[in-house]
2 protein chains.
Amino acid sequence: MQSSHLNLTQQVVHELGKKIMQGSYKVGDSLPSEADLCTEFNISRTATREAVKMLTAKGLISSRPRQGIRVVDSKHWNLFDADVLNWILIGKPDLYLLRHFLQLRLAIEPEAAFLAAQYAEEPDLKAIESALLRMKDATNGQDDTHEADIEFHQSILSASNNPFFIQLKYFITTSLKVNIRFTNRLVPVTVDEYQAHVDIFEHIKNNEAQAAFDAAMLTQKATLAIVNDQIAVLEANKS
Amino acid sequence: MQSSHLNLTQQVVHELGKKIMQGSYKVGDSLPSEADLCTEFNISRTATREAVKMLTAKGLISSRPRQGIRVVDSKHWNLFDADVLNWILIGKPDLYLLRHFLQLRLAIEPEAAFLAAQYAEEPDLKAIESALLRMKDATNGQDDTHEADIEFHQSILSASNNPFFIQLKYFITTSLKVNIRFTNRLVPVTVDEYQAHVDIFEHIKNNEAQAAFDAAMLTQKATLAIVNDQIAVLEANKS
DNA sequence: TTTTTTTTAATTGTATTATAAATAGTATTG
DNA sequence: CAATACTATTTATAATACAATTAAAAAAAA
């Protein structure tokens with residue numbers, strides 16, 4: 001793990017965060033008491049308490065005298081926190097979670113493309129184009145497909161010039177990573193897929209907001225449809 | 001303030017969080033050192049450090065030996081955290097921020113309605129209907145318009161049965177509150193506006209996903225258009 | 001018995017003190 | 001001038017003590 005350059009408190013935050021998102025501690029469960037956590041991780045109460053406070057700030061747990069430290073209902077979890085999203089990724093997400101990711105991506109990315117077409121500045125366009133170039137290189141095996149793809153989607157969010165969309169970078173990135181897990185493709189993106197990305201960029205560049213929206217929506221609908229089908233098959237086999 | 005029932009650490013978290021979101025400490029600025037914060041709030045280092053850790057967990061600050069405690073770039077802020085959203089609300093948001101809120105609402109709410117039409121269970125529908133009833137009562141002055149409206153939008157997010165949409169409750173609620181600030185209407189919702197809400201509900205109830213999407217989108221586009229116009233006027237006056 | 005009140009004990013909340021580790025800035029050296 | 005070593009500041013961690021809260025048990029009252 002990356003524990004080496006993290007301080008003690010942050011190591012414990014990550015350990016506990018992972019365990020909660022993996023379901024080792026379920027909603028409503030009590031975590032070990034401060035004293036027990038101290039012995040378990042062999043650290044002082046100071047470090048333990050700071051870790052507990054950080055997880056509290058991320059909406060995962062609550063702690064009260066005599067009651068102890070408890071995992072709170074998942075509707076309070078800060079699902080858009082970069083750490084929480086990483087822990088979700090570690091916790092082996094299933095197809096249903098992938099669908100939840102894709103449902104929100106379908107809401108966000110077309111509108112982000114729309115806004116990018118309206119508000120993108122020259123550096124924003126340069127960034128998108130640079131990501132596209134990396135994707136092209138990737139098809140020749142000269143760059144990493146997945147990283148280039150992530151950079152493409154992130155740069156469009158940035159180009160929206162809306163801080164809320166920009167903050168959703170972590171969500172989109174995690175969503176893409178979950179997607180990779182399930183598709184697990186051995187080949188780089190196809191020419192068609194690359195072209196779809198180019199189309200979105202061209203519309204943004206030409207300030208064609210609605211066209212950019214439509215193009216992005218097309219991709220999202222296609223991806224979601226695939227997962228919906230997979231789930232349908234899964235549920236058919238179950239019965 | 002609600003300080004009375006909050007413990008010391010949480011009081012300090014709120015004080016510092018507010019100041020950061022208000023811009024009293026700007027991005028890149030150093031906060032007072034731990035020692036200074038202790039004297040400023042008249043608390044122990046324990047409480048101070050725990051507060052700092054909580055704000056770190058929310059992405060607002062970072063702290064390192066010798067460097068001190070600094071406000072990090074706003075792109076790292078957890079803008080979907082309930083506390084952060086509250087501090088934004090306290091920090092007198094401007095028209096541009098309202099536009100940013102509305103741009104994301106426009107992305108989220110129609111798709112939430114779409115999903116609600118697909119996945120809402122009976123209790124979800126009951127909840128939406130109950131909010132509608134409150135809105136009707138509100139037009140007769142028997143309930144609070146704003147609260148009923150907030151409940152309506154929240155219940156649709158819940159009905160999506162998607163944890164990510166559900167977590168956006170805080171965002172939508174804050175967005176509605178910012179909206180109220182700027183429109184500051186003295187009368188309850190008009191009959192037309194009420195009907196628009198009823199339409200969305202009916203489509204959700206009848207599993208008409210696309211119609212629900214379209215109805216919700218119509219409302220969002222109208223709201224955003226008003227703010228875009230207000231900003232246009234504002235910028236015309238400036239020059 | 002049943003309900004209410006009191007007590008107790010477990011757990012977190014806060015304060016204090018001491019020491020370690022990291023690092024920006026300064027001084028020193030080659 | 002560049003590289004290195006030093007120093008002082010600040011956060012990181014530990015250890016200990018006591019206060020505040022409260023769930024659960026015990027006692028008292030009905």
Side-chain angles (χ1 to χ4, degrees), chain A residues 1-17 19-20 25-73 76 83, chain B residues 1-17 19-20 25-73 76 83:
Chain A
M1 204 36 1
Q2 66 249 22
S3 349
S4 51
H5 73 286
L6 291 178
N7 59 34
L8 279 181
T9 299
Q10 281 160 357
Q11 284 178 46
V12 175
V13 168
H14 276 84
E15 286 307 316
L16 293 177
K19 279 192 179 176
I20 292 169
Y25 301 119
K26 298 199 178 63
V27 169
D29 278 7
S30 282
L31 269 66
S33 68
E34 284 185 358
D36 291 344
L37 288 172
C38 289
T39 58
E40 181 176 334
F41 291 102
N42 194 31
I43 55 174
S44 70
R45 244 191 102 190
T46 309
T48 302
R49 283 185 59 81
E50 286 174 3
V52 167
K53 289 297 171 193
M54 291 189 82
L55 290 169
T56 302
K58 290 179 188 299
L60 300 187
I61 60 179
S62 77
S63 76
R64 287 167 53 199
R66 177 71 220 220
Q67 193 195 63
I69 304 162
R70 288 202 181 156
V71 181
V72 302
D73 193 282
H76 295 113
D83 288 324
Chain B
M1 204 36 359
Q2 66 248 23
S3 348
S4 51
H5 74 285
L6 291 178
N7 60 33
L8 280 181
T9 299
Q10 281 162 356
Q11 284 178 47
V12 176
V13 168
H14 276 83
E15 287 306 315
L16 292 177
K19 278 192 180 175
I20 292 169
Y25 301 119
K26 298 201 177 63
V27 169
D29 279 6
S30 281
L31 269 65
S33 70
E34 282 184 2
D36 290 344
L37 288 173
C38 289
T39 58
E40 182 177 333
F41 290 103
N42 193 32
I43 54 173
S44 70
R45 249 191 97 191
T46 309
T48 301
R49 283 186 58 81
E50 286 174 3
V52 167
K53 289 297 170 192
M54 292 190 81
L55 291 169
T56 302
K58 290 179 188 299
L60 301 187
I61 59 180
S62 78
S63 76
R64 286 166 56 197
R66 177 71 221 218
Q67 193 196 63
I69 304 162
R70 288 200 183 159
V71 180
V72 303
D73 193 282
H76 295 112
D83 289 324

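So you know, we letter chains A, B, ... as the sequences are listed, proteins then strands, and number each from 1. Every value quoted in this text rests on a predicted model; they were computed, and no experiment measured them.
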Could you pull out every donor-acceptor pair under 3.5 Å between side chains of residues 37-44 of chain B and any protein atom, sequence neighbours left out?
from: B/T39; atom 1: OG1; to: B/D36; atom 2: O; distance (Å): 2.8
from: B/S44; atom 1: OG; to: B/T46; atom 2: N; distance (Å): 3.4
from: B/S44; atom 1: OG; to: B/A47; atom 2: N; distance (Å): 3.4

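The separation between A/R70 atom CZ and C/dT11 atom P is 12 Å, rounded to whole Å. Per the geometry, CG belonging to A/L31 stands 20 Å off P belonging to C/dA10, to the nearest Å. Atom CG of B/L8 and atom P of D/dT21 are 11 Å apart (whole Å). Separating the CG atom of B/L37 from the C1' atom of D/dT11 is a distance of 12 Å, rounded to the nearest angstrom. Rounded to whole Å, atom P of C/dG13 lies 14 Å from atom CD of B/Q11. Whole-Å rounding puts the A/H5 NE2 to C/dA22 P distance at 13 Å.
Nearest approach of B/D83 to B/K58, heavy atoms of both residues: OD2-NZ, 3.1 Å. For the pair B/I61 and B/I20, the tightest heavy-atom approach, listed with the atom from each and the gap, is CG2-CD1, 3.6 Å. Nearest heavy atom pair, residue A/S30 against residue A/Y25, reads O-CD2, 4.4 Å. Between B/T9 and B/E50, the shortest heavy-atom distance links the atoms OG1-OE1, 3.3 Å. The two residues A/P32 and A/I69 make their nearest non-hydrogen contact at O-CD1, 3.8 Å.
Using Watson-Crick or G-U wobble geometry with both donor-acceptor distances under 3.5 Å, D/dA30 finds its partner in C/dT1.
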Can you give me the N/O atom pairs linking the protein to nucleotides 8-10 of chain D at distances under 3.5 Å, or say none if there are none?
from: D/dT10; atom 1: O2; to: B/R66; atom 2: N; distance (Å): 3.4

I'd like a list of close polar pairs between nucleotides 5-7 of chain C and the protein, N/O only, cut-off under 3.5 Å.
none

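Applying the side-chain hydrogen bond (donor to acceptor under 3.5 Å, both in side chains) test to pairs two or more places apart or on separate chains, none has a residue in residues 59-68 of chain A.
Within the 4.5 Å cutoff, no side-chain heavy atoms of B/L60 are placed close to those of B/V71.
A donor-acceptor pair under 3.5 Å is formed between the side chain of A/Q11 and the backbone N or O of A/L6.
To the nearest 0.5 Å, atoms CD (A/E15) and CG (A/L55) are separated by 11.0 Å.
Annotation: proximity of residues 38-63 of chain A to DNA chain C (heavy atom, distance under 4.0 Å) is found for A/R45, A/R49, A/K53, A/S63, numbered in ascending order.
The phosphate of D/dT13 has OP1 or OP2 within less than 4.0 Å of a side-chain N or O from A/T9.
For A/K53, the side-chain hydrogen bond (donor to acceptor under 3.5 Å, both in side chains) criterion is met by no residue, not counting sequence neighbours.
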